[in-house]
Amino acid sequence: MFPTVSATPEFPRLEEEVLRFWRERRIYDKSLRRREGAPRFVFYEGPPTANGMPHPGHCLTRAVKDLFPRYRTMRGYYCERKAGWDTHGLPVEVEVCKELGIHSKEEIEAYGVERFIHKCQQSVWRYMKEWERLTERIGFWIRLDEAYVTYHKSYVDSVWWSLKNLFDRGLLYQGYKIVWWWAQGGTALSSGEVGQGYRQVADPSVYVRFPLVDRPNTSLLVWTTTPWTLPSNQFAAVHPELEYVTVEDEETGERLILAGALKETVEQKAKRSWRVVGRCRGTELVGLRYRPPFDDFYSRQGQQQGTLVDGSRQYTAWRIVAADFVTTDSGTGVVHQAPAFGEVDYELLLAEQARFASGAPQLICPVAPDGKFTSEVPAYQGLWVKDADGRIVRDLRERGLLVHYEQYVHEYPFCWRAEEDPLIQYPRRSWFIRTTAFRDLMLENNRLIGWLPEHIRDGRFGNFLETNVDWALSRERFWGTPLPIWVCQSTGKMEAVGSYAELLAKPDVQGTEVWQEARRQYPDLPEDLCVHKPYIDAVTYRSPFDPSARMVRVPDVIDCWYDSGAMPFAQWGYPYQNRQRFEEQFPADFISEAIDQTRGWFYSLLAISTLLFGDRHGAPELYRPFPHPYRNCVVLGLMLGEDGNKMSKSRRNYREPEEIFDRYGADALRWYFFANQAPWTSIRYKEQAIRDSLPEFQLRLWNVFSFFLIYANLDGFDPASRLAGPAGELSGEVLAAAAGYRPVQDRGELDRWILSELHRTTERVIQEMDAYDSFTACRYLLEFVDALSNWYVRRSRPRFWSDDKQSVEKIDAYWTLYECLLTVSKLIAPFTPFLAETMWRTLTSVFGDRVVESVHLCDYPQPRNDAIDQLLSERMRLLRTLASLGRNARMEAKLKVRQPLSRVEVVLADSSHQEWLEAHDDLLKDELNVKQIRYLEHSDSIEYRVQPNFKRLGPRLGPKMPAVKQWLTSADGAKLRSALAERGRIDVPVGDETISLGPEDVVVTVRARPGWAAADDPASGCVVILNTELTEELIREGYVRDLVRLINERRKELSCPYNAKIDLAIVGASPKLWQAIDEHRDYLQHETLCRMIHRAPLEKVEPATVEVADEKVELYVKQLTL
RNA sequence: GGGCGCAUAGCUCAGUUGGUUAGAGCGCGUCGCUGAUAACGACGAGGUCCGAAGUUCGAAUCUUCGUGCGCCCA
């Protein structure tokens, strides 16, 4: 006997059982062990940061990350899954600061870097338990106990190794980075923090003269909203392609140069009257020199020249340069450039510097980190830059340089922790990786990656790579991988250190006692912290550049994106450990994260990998062919809350994952993710939608499953007793050896059909899953479950109900359904692993330990081509269409299915399937409750429509198409059809010519004429027509069917077991009704398990009054003891 | 401001290389079944395919512009 299951399953409870089973029997381990030595499918886990609660978005990633490895494992691959945790970075520091109630770097230093670092290390694991629980609960199989951790010493060693490699190859350099700087707090803010702080403010907007050196009485007209940056001016930028005009002031006669498109706007603002005296393109202005409004630097450097790469001489600064970013949206089209205080400006400086062989322009920055002018600009020395604005404007006006002044309202960022402090852009010394030198290689690598969706490759990601800038690697923070560069205190020369061990092996190492002391003071301190601040900062050694000097580490840590991007090798501690494992697990076959990782992990992986392993010449010993480090990347959409907005805790617009698991189960969530939209479209996370996705797949499948168990038990169908020896995975070959398992080709059409559908589905699911298209795969699975439930089981019910327990047909039905359910449980195993396991365990329970214990230890089903019958599939679809049309027609004619009809007629546009259909009359007759089905060539109730075959005729006819279409639709369809049949062509007159159309050139559809009880399906070309004539005989039969329904309803009300017999009395029926009952007495008794039908009330039985045949009768139903 | 993406039924979403009656599920309505039974099923009504222009014999699909939304970056 099979275990019985509830018709209304509690999936969450069943899932808990499955989890326990997996845990106790170590199923995941076993699934790996049985694939040892098999080809690998390599998966990389993008490490989450566990210092926040996991939310629904993480569920999606974790579900997708589980799906494909599970699938590939079943398909025969060896797929290790090593977890990982991202542990460094600002988010962790911020979390700790919150806890300590502090903000700035000074406050952290005052608190103590050592204690702060300890806090960070502990904070990382704050939500570890939650993450692990979620991971397990959603069924994400991954080795958590072997997770890589980015702060571990072995990981840091690996990262250092890679950085040393880059440093030694000259790819790591120091430069300036323009950051958003909080001067009062002395710290840079991350882009996320800056984004939070934008506010509308009014700033001074000034139009300033920059007099040209070589054109008397002529000035550039320059606009800026940050007057305080004017003393730091180095260039003026114009767009090379824009038109510029020279205007003459009607009153003063002075000349100004500005963009032609902006002349009128500025003229009106300044309330001047200007006459255009010259026009030119931006390129023609390039190279002209001007006097900046402030002399502090110009007076000393104004005449300096350098040598360009081509050998010619060029003034270093204060000249016009070309730049594409100049627009005419605002300002004057001539843009003031202060490279120290604008990222774009700084890039321009870099580009200028690159043109010089010697004597290149240097960055001018007369502002100290506290935001106050230095002694380089004596006039404003000690003044906070924003406070200097007013005085600068006044000075400009007094010196006659100000053309116009106004207030300008715009969005400007403020510090999110000190709302009154505006941020400024400010240059900081920073370390860069020269990624730009690898742009082409990165693009080449990118081209070979399988992106899903594809547009990421050339779109978002490709564009990003095209406009690549060097990676600003260093961070002036505390909790991160320390930058492994030591500087000689006397010569300033530097070297990179490739591991902690390498550091300790340096000559005359000092400072390690700081760490030793910490270990004594805090015995619980993890060994890994020895490579972190502040301990690592204390370690110095004798300089190889100057024996009297010490080597001291630079204070920075690195961008934590570098950590995660280094995981392909760092997760193994490569190259100091596990060299073999790295080789086996590089590159990844599959990774998946949400789209916000494009510039995050997707980039850091690709960049690091390309720089280290993609440089055939620079690092030949590490070279590996592209693509790497990942071959396929499924880019997931963003997850939105119930209201379609971004999910946010404060808005409470989403349910906690735990709640979903407890109510509907992990499978419900997984299936919702996989089956409802392509994974890269953004997903609305709605509880309602998750609940609704249950019945259409899982519940429907469950019903079939439960149906099978009920009847198999009832009929004593026991596959285990019919099969000797080990049953393994109960594959088709194993089942074929069972007693009573007839070869499929010997079975009935319905059985052959559903098995054909099963193999077709298997074939398609494999095809889609190999292409990482889980969404389409799910659609095929849905389609199959629908076919199984709504046609196979529905049409097979009489076989399951038949009294002859051992009839061949019945046994066939059991084997067929059993095989379908077993196979489906394997097919859905990667998608809904819990339901699959429950089904498998239940269906195979009768075999005891002769069968594989878990569905996840099975091979994925293999489709058999010889089991797929395309023609049968097509025909069955047609038959289903006919049934649907028949019901449709009954509906139209208001003739309920319980009322038998004498006949339906079917007209097929294409008669090639007619013979087959005729052989299945019984099925259709039963489905439609009619006595006879006739196939006709023609009927008065139908009409034909002949349309051009557009696809075929389009290229041939072109513009004549509408005329042909018009002629065909207005002609008599039936005549055209017969003409086509007799002569093989139709001649269509178009203008002066005649166009001859063959059978291939037109599409003939048949349709029901309006007003008939008929329904058509033009797509398949069939019409079903009802004979609505009712004879007395038919009506009487309808009465009995009604009666049967009422009696069975009564049985149910009385809670009769469905195999219990009854005695029945019908009181008050008319002779007409009795005639009907007598005529169909056997049918009635059989359908209601009725022994006797009485005409007098039964004693001790409560009657029920029912209405049948327009009369009221009393029913007495008495259950007989079993 | 730039890049990328999205916009189709009341809701959530499909829609293959352009082919002439635009699909599914849910919801809604009508009904059926009553031996899967607190299940199951059928049928139906719902659409200016965001707007405009263009290419084409033919556009939800291709092009351009615009509108709205999202993401990433300024």
- Heavy-atom side-chain proximity of A:Y603 to A:W561 below 4.5 angstrom: no
- Query: With respect to the side chain of A:N463, which nucleotide from B:A36, B:C13, B:C4 is positioned closest?
  - Reply: B:C4
- In whole angstrom, give me the gap between the P atoms of B:G5 and B:G10. 28 Å
- Item | Salt bridge flag under 4.0 Å for residues A:K177 and A:E343 | no
- Please answer whether the main-chain N or O of A:V5 pairs with a side-chain N or O of A:W702 as donor and acceptor at a distance below 3.5 Å. no
- Side-chain heavy-atom pair A:L714, A:F800 within 4.5 angstrom cut-off: no
Polar atom pairs between nucleotides 40-45 of chain B and protein, under 3.5 Å, N or O only, would you list them?
residue, atom, partner, partner atom, Å
B:G41, OP1, A:R700, NE, 3.2
B:G41, OP1, A:N790, OD1, 3.1
B:G41, OP1, A:N790, ND2, 3.4
B:G41, O2', A:R794, NH1, 3.4
B:A42, O2', A:R887, NE, 3.3
B:C43, OP1, A:S884, OG, 2.4
B:G44, OP1, A:N888, ND2, 3.3

- Task: Output, in order, the C-alpha distance, side-chain angles, deciding distance and verdict of salt bridge (Lys or Arg N to Asp or Glu O under 4.0 Å) for A:R880 and A:D786.
- Result: CA-CA 12 Å; A:R880 290 180 76 177; A:D786 177 69; 3.6 Å; yes
- Note on the structure: Secondary structure of RNA chain B per the Watson-Crick/G-U criterion (both distances under 3.5 Å; [ ] crossing, | other strand, . unpaired) is (((((((..((((.....[...)))).(((((.......))))).....(((((..]....)))))))))))).
- Task: Answer yes if the side chains of A:N446 and A:W451 hold a donor-acceptor pair under 3.5 Å, and no otherwise.
- Result: yes
- Query: Among side-chain atoms of A:S796 and A:R799, is any donor-acceptor pair under 3.5 angstrom?
  - Reply: yes
- Residue whose nearest RNA chain B nucleotide is more 5′ - A:T681 or A:R1041: A:T681
- Task: Decide side-chain contact (heavy atoms from CB on, under 4.5 Å) for A:N949 and A:L997; before the verdict, give the C-alpha distance in whole Å, the side-chain angles of both, and the deciding distance to 0.1 Å.
- Result: CA-CA 10 Å; A:N949 180 343; A:L997 302 178; over 6 Å; no
- Is A:T776 touching bases, backbone alone, or none of the nucleic acid, heavy atoms closer than 4.0 Å? nothing
- Exceeds 12 heavy-atom contacts within 6.0 angstrom, atom CD of A:E466: yes
- Message: What I want to check is whether the side chains of A:D773 and A:T776 have a donor and an acceptor closer together than 3.5 Å.
- Response: yes
- Query: Nucleotide by nucleotide, 5' to 3', does protein get under 4.0 Å of the base (B), only the sugar-phosphate (S), or neither (-) in nucleotides 56-72 of chain B, counting heavy atoms?
  - Reply: -B------------BBS
- Message: What contact category does A:A963 fall into here, base, sugar-phosphate, or nothing, at under 4.0 angstrom with non-hydrogen atoms?
- Response: nothing
